[in-house]
Amino acid sequence: MYSGAAAAAAGPPRRDFISVTLGPEEAVGVGGYNNSKAWRRRSCWRKWKQLSRLQRSVILFLFAFLAVCGVISYTSMGEAWKGITNKSLDDQRTEQEIPGLKLANPAVLPAPKKADAIHGDYPELSLQKPPKPPHVRRGPSNLQIKAPWRDARLKTRHDTTTAVEELVEADKVEKTEKSIISWRGAVIEPDQSTEPPSSKIMEPEKPSSVEAEGQKEPVPINERQLAVIEAFRHAWKGYKDFAWGHDELKPLSKSYSEWFGLGLTLIDALDTMWILGLKEEFEEARKWVANDLVFDKNVDVNLFESTIRILGGLLSTYHLSGDSLFLEKAKDIGNRLMPAFKTPSKIPYSDVNIGRGTAHPPRWTSDSTVAEVTSIQLEFRELSRVTGDEKFQKAVDEVMKHVHTLSGKNDGLVPMFINTNSGQFTHLGVYTLGARADSYYEYLLKQWIQGGKKENELLEDYMRAIEGVKKHLLQRSEPKKLTFVGELAHGHFSAKMDHLVCFLPGTLALGAHNGLAADHMKLAETLIETCYQMYAQVETGLSPEIVHFNLHAQKGHKDVEIKPADRHNLLRPETVESLFYMYRFTGDKKYQDWGWEILQNFNRYTRVPTGGYTSINNVQNPSNPEPRDKMESFFLGETLKYMFLLFSDDIDLINLDKYVFNTEAHPLPIWVPA
Ligand code: DMJ
């Protein structure tokens, strides 16, 4: 404790020091230290004076000598020290920049030579060319968008790995991409000139309008093509007169039907008009798209149907015409369809309300159809590429990756349903290449082609599935021994074949054209013969929706049997589609002739005099095929387009090495490197 009162009471403080008395010399001034220095200086001077002249000279000489040596050694030691210091700094920097990397033998670089000296030594090494400018892109300028997710991916990698790891990683990726894909006899050297999607900037080829393709001699339009143009104009007249801006024409009642209320026929037909060169009609339709096509509607649309017809149609028209109006519309509908993917499993719901932004499965189930969820990929992937927004591709790629891993397949064949909650296949044990599964197989191959033939899982699934078809679904009919694709239900084979399955010969031929097994082409040739017979053996020369093949020869029976419930024809495209591929790849004119027969029979039995064509109820009754009073949008979107292309001898009219058709016959560009 301390306080002022207590301190005063204690008296004056005691001082602890010793008193020293100094002589007069030492007492000058106050600081004892200064005094002693002065004294020492005076005493040294006295001693110096006492030395002889010689002694003083020797000492001075020694001092001078030492001073010179000191200066010299200081200079050289300074250099050495500087070197040591710099080297250790360099080492530190190296470690900081590439953690973990220590150079065993730090590189010793020769002193840089002057630029002209380098040229003199290595005359061949003239000045480096300036770096190549970024690839000059052709086609619509708004396609010149770098896929942003590549940058995003690289950035993430930078955050988590070192520069060296990144280089090693990049090298690995490149090696994998260049590897040879082999699958049961199919050996493919992936095209070195293509890159996988989302890893390199992709660009479409130039728009392939008849004009844009035409650096070479234009191929004249032939008689059969003119007949297709005439058929299209007749169909269009009916649509224009009685159903303009509505989904489908009802040609007999001269009215229309609505499905989504989005002008489905008009949108589906846009690129057909472009390809057929129907400019006036195209311009008129374009105006409707610009002024009247509105997606902000409280309406439920089917995700698959609106993707393949509307999104696909708008994207392909954008590519062909270069008109950004169609891209804007494609973006709009693409965004509005995205809520379908908000499900527990990420397997999309079948229906979306595009005005409200809500999605749901059909009322009676939480299942979606396998073909529907796996046949929207070409369109959404392309939308990502042209908009630079990766979300579309991410959503559909996830579906494919998930389906790739699922159990419940039978040698690559998939069931028809998939649950949106569990993400698992349901109704196991039934396998078909017809309704509800068909375009799953088609899109495996076409996505692989679209992406530059690098996505091996897609190819694997496709090849495995074709093996599954061969093993489980192929049979031969009697009496003509037609090879057909039946169905399998819980181990029981059914000789039933949907007309829808007739997409398969074309797809197989496309695969073979892209380097897959040669026996795929053989199979395509036999199957297209069967599809043709599905028309030729019927009274009207038009195929029914479904046929049953005879497995046993019976007197007076043909190969094809038709059940009363199946004898309608909806003006479907699949056989004509396959004929087109077969003709393109073989040049065999019989395919054109078969297509020509089919066109004539459409004209004979389905053409409505006042405009339009109609589905019919009975292909077996030429005197009364029972018109249904409906023209499906795919008649203009697909059937007539494939007819026109089939009759053309211009392989550049939608070149199959540049474009891949979606399942609604809308050509989308195959991605190529920048
Ligand atoms: C079209 O909408 C598409 O081709 C789809 O893949 C199957 N059905 C019709 C044509 O038949």
Side-chain angles (χ1 to χ4, degrees), residues 302-305 307-308 340-341 343-351 359-378 395-448 457-475 484-504 507-508 527 545-546 548 566 574 663:
N302 175 282
L303 170 68
F304 163 75
E305 297 291 358
T307 297
I308 65 169
F341 295 91
T343 70
S345 66
K346 309 264 180 69
I347 297 296
Y349 290 130
S350 59
D351 297 290
H360 58 87
R363 236 168 273 132
W364 58 92
T365 175
S366 55
D367 288 351
S368 285
T369 298
V370 170
E372 291 193 357
V373 302
T374 55
S375 312
I376 49 181
Q377 277 68 14
L378 290 177
V396 294
D397 278 354
E398 205 160 325
V399 176
M400 290 315 294
K401 287 208 168 75
H402 177 77
V403 170
H404 174 74
T405 63
L406 281 184
S407 58
K409 292 178 197 154
N410 186 3
D411 289 316
L413 303 176
V414 289
M416 295 187 288
F417 297 97
I418 186 165
N419 190 273
T420 51
N421 292 321
S422 68
Q424 300 298 310
F425 288 131
T426 64
H427 303 81
L428 302 182
V430 180
Y431 303 100
T432 173
L433 259 77
R436 298 187 184 281
D438 48 359
S439 41
Y440 160 73
Y441 304 100
E442 179 188 350
Y443 268 36
L444 287 175
L445 178 75
K446 288 184 172 178
Q447 285 177 82
W448 178 71
E457 283 183 358
L458 296 166
L459 177 63
E460 272 170 33
D461 287 350
Y462 176 73
M463 297 301 285
R464 194 169 285 132
I466 299 305
E467 292 307 304
V469 170
K470 287 192 219 162
K471 185 169 166 192
H472 300 288
L473 304 183
L474 287 189
Q475 287 275 0
F484 68 93
V485 184
E487 296 183 357
L488 197 65
H490 309 291
H492 295 289
F493 180 79
S494 159
K496 164 180 178 273
M497 180 164 157
D498 293 352
H499 182 271
L500 288 170
V501 182
C502 287
F503 81 92
L504 187 59
T507 299
L508 287 168
L527 286 176
E545 180 74 355
I546 299 170
H548 287 78
D566 305 332
E574 289 77 17
T663 193

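Numbers here are sequence positions counted from 1. What you are looking at is a predicted structure, and each value in this text was computed from that prediction instead of being measured.
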Quiz item: Where do Ile466 and Leu508 land on the side-chain contact (heavy atoms from CB on, under 4.5 Å) test, with the steps shown first?
Solution: CA-CA 9 Å; Ile466 299 305; Leu508 287 168; 3.8 Å; yes
Practice problem: Determine, step by step, whether Ser375 and Ser439 satisfy the side-chain hydrogen bond (donor to acceptor under 3.5 Å, both in side chains) criterion, reporting the C-alpha distance in whole Å, the side-chain angles of both residues, the deciding distance to 0.1 Å, and the verdict. | Solution: CA-CA 6 Å; Ser375 312; Ser439 41; 2.8 Å; yes
Self-check item: Trace of the side-chain contact (heavy atoms from CB on, under 4.5 Å) decision for Cys502 with Met497
Solution: CA-CA 9 Å; Cys502 287; Met497 180 164 157; 4.0 Å; yes
Quiz item: Between Asn419 and Ser366, does a side-chain hydrogen bond (donor to acceptor under 3.5 Å, both in side chains) hold up when you go through it step by step?
Solution: CA-CA 6 Å; Asn419 190 273; Ser366 55; 3.0 Å; yes
Quiz item: Between Glu574 and His499, does a side-chain hydrogen bond (donor to acceptor under 3.5 Å, both in side chains) hold up when you go through it step by step?
Solution: CA-CA 7 Å; Glu574 289 77 17; His499 182 271; 3.1 Å; yes
Practice problem: Before giving the answer on side-chain contact (heavy atoms from CB on, under 4.5 Å), spell out for Lys346 and Phe341 the whole-Å C-alpha distance, their side-chain angles and the decisive distance to 0.1 Å. | Solution: CA-CA 5 Å; Lys346 309 264 180 69; Phe341 295 91; 6.0 Å; no
Quiz item: Does the side-chain hydrogen bond (donor to acceptor under 3.5 Å, both in side chains) test come out yes or no for Glu442 and Thr507, once each step is laid out?
Solution: CA-CA 6 Å; Glu442 179 188 350; Thr507 299; 5.2 Å; no
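Nearest heavy atoms, Tyr443 versus Thr663: OH-N, 3.0 Å. Summarising the geometry of Asp498 relative to Lys496, their closest heavy-atom pair is OD1-NZ, 3.3 Å, with the distance given to 0.1 Å. Of all heavy-atom pairs spanning Phe425 and Leu428, the tightest one is CB-CD2, 3.5 Å. Here the closest non-hydrogen pair linking Pro348 and Thr420 is O-CG2, 3.5 Å. Closest approach of Leu413 to Tyr441, counting heavy atoms only: CA-OH, 3.4 Å. Pairing each heavy atom of Leu527 with each of Phe484, the nearest pair is CD2-CA, 4.1 Å.
Looking at heavy atoms from C-beta onward, His472 lies in side-chain contact with Asp411 at the 4.5 angstrom threshold. Within the 4.5 Å cutoff, side-chain heavy atoms of Asn410 are placed close to those of Leu488. At least one side-chain heavy atom of Val430 sits less than 4.5 Å from a side-chain heavy atom of Met416. Side-chain contact check for Leu459 versus Leu444: every heavy-atom pair is 4.5 Å or farther apart. Residues Leu458 and Met400 are in side-chain contact: their nearest non-hydrogen atoms beyond the backbone lie under 4.5 Å apart. Here the side chains of Arg436 and Phe417 are in contact, with some heavy-atom distance below 4.5 Å. For the pair Leu433 and Leu473, the minimum side-chain heavy-atom distance is below 4.5 Å. Using a 4.5 Å heavy-atom threshold, the side chains of Val373 and Phe304 count as separate.
The distance from atom CG of Asp461 to atom OG1 of Thr374, rounded to the nearest 0.5 Å, is 10.5 Å. Distance OG1/Thr365 to NE2/His427: 6.5 Å, rounded to 0.5 Å. Rounding to the nearest 0.5 Å gives a distance of 14.0 Å between CG of Leu406 and NZ of Lys401. Here OG1 of Thr307 is found 5.5 Å from CD1 of Ile376. Values are rounded to the nearest 0.5 Å. With rounding to the nearest 0.5 Å, the separation of CE in Met463 from CH2 in Trp448 is 8.5 Å.
Between Glu467 and Lys471 there is no salt bridge, since none of the side-chain N atoms of the basic residue sits less than 4.0 Å from a carboxylate O of the acidic one.
Under a 3.5 Å cut-off, the side chain of Tyr440 and the backbone N or O of Glu372 do not form any donor-acceptor pair. Counting only distance, with no hydrogens or angles, the side chain of Ser350 and the backbone of Asn302 share no donor-acceptor pair below 3.5 Å. Thr369 contributes no side-chain N or O that, together with a main-chain N or O of Ala371, makes up a donor-acceptor pair within less than 3.5 Å. A distance-only check finds no donor-acceptor pair linking the side chain of Glu487 to the backbone of Ser494 [under 3.5 Å]. In terms of modelled atom types and a separation under 3.5 Å, the side chain of Asp438 and the main chain of Leu500 share no donor-acceptor contact.
Annotation: Lys409, atom NZ; neighbour count of heavy atoms from other residues, nucleotides and ligands within 6.0 Å is above 12.
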